[in-house]
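Bear in mind the structure is a predicted one, so any value in this text is a computation, not a measurement.
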Amino acid sequence: MKTINGQELKQLFLSGANNLYNHYPEVDKLNVFPVPDGDTGMNMNLTLTSGAKEIENKNDSSVEIISASFSRGLLMGARGNSGVITSQIFKGFSNSCQGKDKLTVEEFAAAFAGAKETAYKAVMRPVEGTILTVIREASAAMVDRVKPTHSIEQALDILLEEAKKSLDHTPDLLPVLKQVGVVDSGGAGLTIVFEGMAKAAHGQFVERNTNLAQEESSSPIISPSSYAGAQLSEDEEGYGYCTQFILRLGKPEDGKKAFVEKNFQKFLSAHGNSIVLVRDDDIVKVHVHTLTPGSMLNYAQNYGEFLTITIENMSEEHHNIEHGDVATDMMANIERGKKETKKEEKPWTDFGVIAVSSGAGLDETFKELGVDYLVSGGQTMNPSTQDFVKAVEEIRAHNVFILPNNGNIVMAANQAAEVIDNKEVKVHVIPSKTIPQGITSMMQYSAELEAGEIEEAMKEALGLVKSGSVTYAIKDTDINGVHVTKDYYMGMKEDKTIVACVKDKMEALKSLVEGMVTDESFALSIYSGKDITEEEEAEVNEYMTSQYPNLDVTVRRGDQPVYSFLVGIE
């Protein structure tokens, strides 16, 4: 092809998204830190899937329309920092397509250069050795090497070749990657997308593999040695992800298939275990353990639309079962979400607060502090841009304050603030990166102040608290001079500095607090996770109160998954 039109571009985008879908678990395994929240692949997959759904039925021949629709889908479905950056890459590509029905090979290369520019502008402090480096180096080489005599196929071959080189180079730019022995996960995901696009250009369109749970799938982009011991296996962990969702069944006139419970159950059984399927009129609740949650979600959406989706690493489910729980707190989140969808439209107010939370205890804490709307999310399932847009629309406040409470969610919140199409609404993102930061910030919220004063006070409060956490290690590794043993408990500061890795979670907590408390500290707050018993919680309270008599000690239930303890010190 010497030029490319909208339908041809559509095939490239769909093939790229499918290729990532087929390999996103491998991207997840590239997680540097040995914690159960390696979700870059999942976030990028859900983001690309959102974009693909926007264009799969579009018959427009214009590259402007196809690229704009794909970009919009990515924008609204973006999850996590990797997903947001990916959406910005294709937004930049789309900007270069404005006013064009076709692209020449040179314009095609220039569009990727535009993709790089937009992506870098979206990140306040760009870090090299990441997905940004891959798009920068690959697009620059593409522009330099592509000539008018080249075809679109040749241009994509160059893009893919240079992306692979850049990906292999990421450990030289980001020391922590070299230390652990992995390439950047976001860069790997983007390179896999480019691989799918290149294959489609050569007539080898990549279809989705819906049997990922049964078939081995490996990408030549990522060598097995790059997993740094993070690979999950059925023998070690059972099925990899606990997946739960509520589906509202649709009708044939809406493009949905007729729901046959026996067939649905058969599909779930073929791709997972520990299955619970409950139907109540047009509502279907599903719980399943699977290695490929994406295939479950894509299959289910043939029959309706999701009210809620929650996915967690199975290691956490195993943890909960060991302590006598039947399921994680996700069902509580699902029920909460279901109730929220039934709320009547509220009257407009001056102020409203949205907070990301995961766990009944944390939910209660935020509600007590005055949060109006809770968005389910956390380490293992980041809310999308669309989730925040929906929350802002439902809260019906002229000034909305968002507390992301996770460093990997801040960009999605910021993106939501940019796309809100209502001049009557001003969205203020308070960039809280931890739950303790969000709680401390919320304590400074007062509807008696002006919007600007509220935002300033809440942002200033973020610097008043130091955060830490205790969780279990998912692999053996050495990082920053600390040896980490799989299934041991790690005490980590908010910058992911590992203070201790020991067999006992209580000892990990004690070491963490000891390493965080200073002479200036005056308050200690600890939120116990779902795996912590009431007896253990009482033990923590007794120890901390006696060990730190000069601190105002608060220990309360958070019921958060994955993390046994969340710690805040002011």
Side-chain angles (χ1 to χ4, degrees), residues 1 4-24 41-79 83 86-91 93-94 97 100-103 108 111 115 152 156 189-190 192-212 217 245 247-259 267 292-306 309 384-386 389 419:
M1 294 185 290
I4 186 170
N5 62 29
Q7 284 302 295
E8 292 163 340
L9 182 63
K10 168 184 166 180
Q11 294 305 304
L12 301 189
F13 286 157
L14 293 178
S15 183
N18 289 349
N19 202 42
L20 180 62
Y21 169 83
N22 293 344
H23 298 292
Y24 76 84
M42 171 64 78
N43 284 334
M44 292 183 70
N45 169 51
L46 292 176
T47 301
L48 267 294
T49 296
S50 179
K53 287 178 179 176
E54 282 293 317
I55 62 172
E56 59 186 355
N57 295 319
K58 281 192 173 292
N59 298 315
D60 302 270
S61 61
S62 163
V63 294
E64 177 183 22
I65 294 175
I66 294 297
S67 64
S69 297
F70 187 62
S71 172
R72 178 68 179 178
L74 293 174
L75 190 74
M76 300 308 292
R79 296 175 186 268
T86 301
S87 73
Q88 291 298 309
I89 287 172
F90 286 97
K91 178 182 179 182
F93 184 98
S94 175
C97 295
K100 296 182 174 70
D101 291 327
K102 296 182 178 181
L103 294 178
F108 188 63
I152 296 295
L156 279 169
L190 183 64
I192 288 171
V193 172
F194 290 162
E195 179 189 47
M197 294 175 67
K199 285 185 175 181
H202 286 285
Q204 301 168 2
F205 182 86
V206 177
E207 300 286 354
R208 288 198 169 205
N209 180 3
T210 57
N211 295 313
L212 286 179
S217 177
F245 55 84
L247 187 75
R248 186 188 299 280
L249 299 177
K251 300 176 181 178
E253 53 264 36
D254 299 325
K256 300 300 180 182
K257 295 180 180 179
F259 181 81
F267 179 88
T292 56
S295 63
M296 296 292 181
L297 301 183
N298 284 297
Y299 177 81
Q301 201 165 30
N302 289 319
Y303 300 93
E305 296 299 336
F306 297 111
I309 302 172
S384 68
T385 299
Q386 180 63 57
V389 171
V419 302

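- If you take CD1 on I152 and NE2 on H202, they are separated by 11.0 Å, rounding to the nearest 0.5 Å.
- Of the inter-residue distances, the one linking S67 atom OG with L12 atom CG reads 12.0 Å to the nearest 0.5 angstrom.
- Contact detail for K102 and V63: the closest heavy-atom pair is N-CG2, 4.0 Å.
- Taking all atoms of both residues into account, the shortest heavy-atom contact from I55 to I66 is CG2-O, 3.7 Å.
- Counting only distance, with no hydrogens or angles, the side chain of E8 and the backbone of N5 share a donor-acceptor pair below 3.5 Å.
- The one candidate from S69, S87, S50 that meets the side chain to side chain contact (heavy atoms under 4.5 Å, CB included) condition with L74 is S87.
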For this session: Apply the test side chain to side chain contact (heavy atoms under 4.5 Å, CB included) to residues V193 and T86: give CA-CA distance (whole Å), side-chain angles for both, the deciding distance (0.1 Å), then the verdict.
Result: CA-CA 10 Å; V193 172; T86 301; over 6 Å; no
Exercise. Yes or no on ring-ring contact (aromatic ring centres under 6.0 Å, His included) for F70 and F93, after CA distance, side-chain angles and deciding distance?
Worked result: CA-CA 10 Å; F70 187 62; F93 184 98; 9.0 Å; no
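- No side-chain donor-acceptor contact under 3.5 Å links E195 to the backbone of L20.
- Considering only heavy atoms from C-beta on, T49 comes within 4.5 Å of R208 through its side chain.
- S15 contributes a side-chain N or O that, together with a main-chain N or O of V206, makes up a donor-acceptor pair within less than 3.5 Å.
- Within a 6.0 Å sphere centred on NZ of K91, heavy atoms belonging to other residues, nucleotides or ligands number 12 at most.
- Just one residue in the list I192, L48, L14, N209 forms a side chain to side chain contact (heavy atoms under 4.5 Å, CB included) with N19, and that residue is I192.
- Within the 4.5 Å cutoff, no side-chain heavy atoms of Y24 are placed close to those of L46.
- Under a 4.0 Å N-O distance rule, the pair E305/K256 qualifies as a salt bridge.
- If you take OH on Y21 and CG on N45, they are separated by 7.5 Å, rounding to the nearest 0.5 Å.
- Side chain of S384 to main chain of R79: no donor-acceptor pair is present (N/O by atom type, distance under 3.5 Å, no hydrogens or angles).
- Looking at heavy atoms from C-beta onward, F205 lies out of side-chain contact with K199 at the 4.5 angstrom threshold.
- For the pair Y303 and F259, the tightest heavy-atom approach, listed with the atom from each and the gap, is CD2-CA, 3.8 Å.
- Expressed to the nearest 0.5 Å, how far OG of S62 lies from CG of L9 amounts to 9.5 Å.
- Between A201 and L156, the shortest heavy-atom contact is CB-CD1, 3.6 Å.
- Looking only at distances, no side-chain donor or acceptor of S94 sits under 3.5 Å from a matching main-chain atom of F90.
- In terms of heavy-atom proximity, G189 sits nearest to M44 at C-CE, 3.7 Å.
- Atom CD of Q7 and atom CD of Q11 lie 7.0 Å apart (nearest 0.5 Å).
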